[in-house]
Participant: 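One structure coming up, written as structure tokens, with questions to follow.
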Amino acid sequence: MIQVERFHDTDALYARAVAIIEEVKATGAKTFGLATGGTMEPLYERLCASTIDFSDAVSFNLDEYIGLSETHPESYHYYMQQQLFDQKPFQQSHLPNGFASDLEAEAERYETLLQQYPLDFQLLGIGVNGHIGFNEPGTSFQSTTHVVTLSSSTRAANARFFEDPEEVPTRALTMGIASIMRAKFILLIATGEKKRAVLEKVLMGVSTEEVPATVLANHPRVVILTDLQ
Ligand code: F6R
């Protein structure tokens, strides 16, 4: 079931996101699925400034580009280190290794780890094409961690983070839709006009693999925070 909370003020939206994470943590959550992207930056800034302690928790990121080293400034390893982990360390933090020589084996390794540490919580942003993680339109709802070819719309949307748009990797490793749906509680944040059309599709409650985030209508516990009215 999806519960939507709408905010006029993004400060209030992010304060609510922090409060939800604090509450989830206080009620015993130990495994946290995390996301990257522009939407999460204000959240991580606030989490860093909070008193919340993740040192007894384990994190799993949704995805990582293929071909960027952990120290590449646009890799999600680097993003997480800068935005959160340097200031709020977890007991263990996992991301897929986009530099692995055998990518299929890496996807399997990550999925096995996720099954060993079932996610109590999963944070999600949403792509304008409805992607969650890097599960692009058309991805099976049964998918587990896998290698994806990024759509041109996703590469164009993420080009803003790179000096040269040609540098945006063409492939990534991502948790699958089934991997995400196993999380006990999902918090999705969608801000800005660009997300309006896709959010409306998600809230219609009709699931279709053409819009990956519409799968959330089938999950028992989803909260969406948005500044869209
Ligand atoms: C990031 C991720 C993506 C983003 C989505 C929105 O780890 O998995 O699904 O959440 O692309 O990105 P922003 O927040 O930059 O609009």
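Remember, it's 1-based here, ligands and their atoms both numbered in the order they're listed. Atom set for the values below is all heavy atoms of this structure, side chains included, hydrogens, waters and symmetry mates excluded.
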Participant: Any atoms of ligand 1 less than 4.0 Å from a non-hydrogen atom of D63? List them with their elements.
Facilitator: 1 (C), 2 (C), 7 (O), 8 (O)

Participant: Which atom pair, heavy atoms only, marks the closest approach of L173 to I66?
Facilitator: N-CG1, 4.0 Å

Participant: Which residue from R160, M40, E64 reaches closest to atom 15 (O) of ligand 1 through any of its heavy atoms?
Facilitator: R160

Participant: Can you list the steps and then say if S207 with N218 is a side chain to side chain donor-acceptor pair (under 3.5 Å)?
Facilitator: CA-CA 8 Å; S207 296; N218 307 324; 3.2 Å; yes

Participant: Do ligand 1 and G133 have nitrogen or oxygen atoms that lie under 3.5 Å from each other?
Facilitator: yes

Participant: Using a 3.5 Å cut-off and no angle test, enumerate the donor-acceptor pairs between side-chain atoms of residues 26-42 and protein atoms at least two apart in sequence or in another chain.
Facilitator:
| unit_1 | atom_1 | unit_2 | atom_2 | d |
| --- | --- | --- | --- | --- |
| T27 | OG1 | E23 | O | 2.9 |
| T27 | OG1 | V24 | O | 3.1 |
| T31 | OG1 | P118 | O | 2.5 |
| T31 | OG1 | D120 | N | 2.9 |
| T31 | OG1 | D120 | OD2 | 3.1 |

Participant: According to side-chain hydrogen bond (donor to acceptor under 3.5 Å, both in side chains), who are the partners of R196, at least two apart in sequence or on a separate chain?
Facilitator: E193

Participant: In the protein, what heavy atom is nearest to atom 5 (C) of ligand 1, and what distance, to one decimal place, separates them?
Facilitator: H131 NE2, 3.4 Å

Participant: Do any nitrogen or oxygen atoms of K195 lie less than 3.5 angstrom from nitrogen or oxygen atoms of ligand 1?
Facilitator: yes

Participant: Is there a nitrogen or oxygen of N158 sitting under 3.5 Å from a nitrogen or oxygen of ligand 1?
Facilitator: no

Participant: Quick one: which of T36, I126, T39 has a heavy atom closest to atom 6 (C) of ligand 1?
Facilitator: I126

Participant: Report the relative orientation of the aromatic rings in F60 and H94; use parallel for angles under 30°, tilted for 30 to 60°, perpendicular for over 60°.
Facilitator: parallel

Participant: So N129 and E136, side chain to side chain donor-acceptor pair (under 3.5 Å) or not? Walk me through it.
Facilitator: CA-CA 8 Å; N129 63 4; E136 298 285 26; 2.9 Å; yes

Participant: Heavy-atom contacts with L62 under 4.0 Å: which atoms of ligand 1 show up? List them by number with element.
Facilitator: 8 (O)

Participant: For the residue pair F85 and F90, categorise the inter-ring angle as parallel (less than 30°), tilted (30 to 60°) or perpendicular (more than 60°).
Facilitator: perpendicular

Participant: Looking only at protein heavy atoms, which one is nearest to atom 10 (O) of ligand 1, and what is the separation?
Facilitator: G125 CA, 3.3 Å

Participant: Taking only heavy atoms of G37 into account, list the atoms of ligand 1 that are under 4.0 Å away from them.
Facilitator: 14 (O), 15 (O)

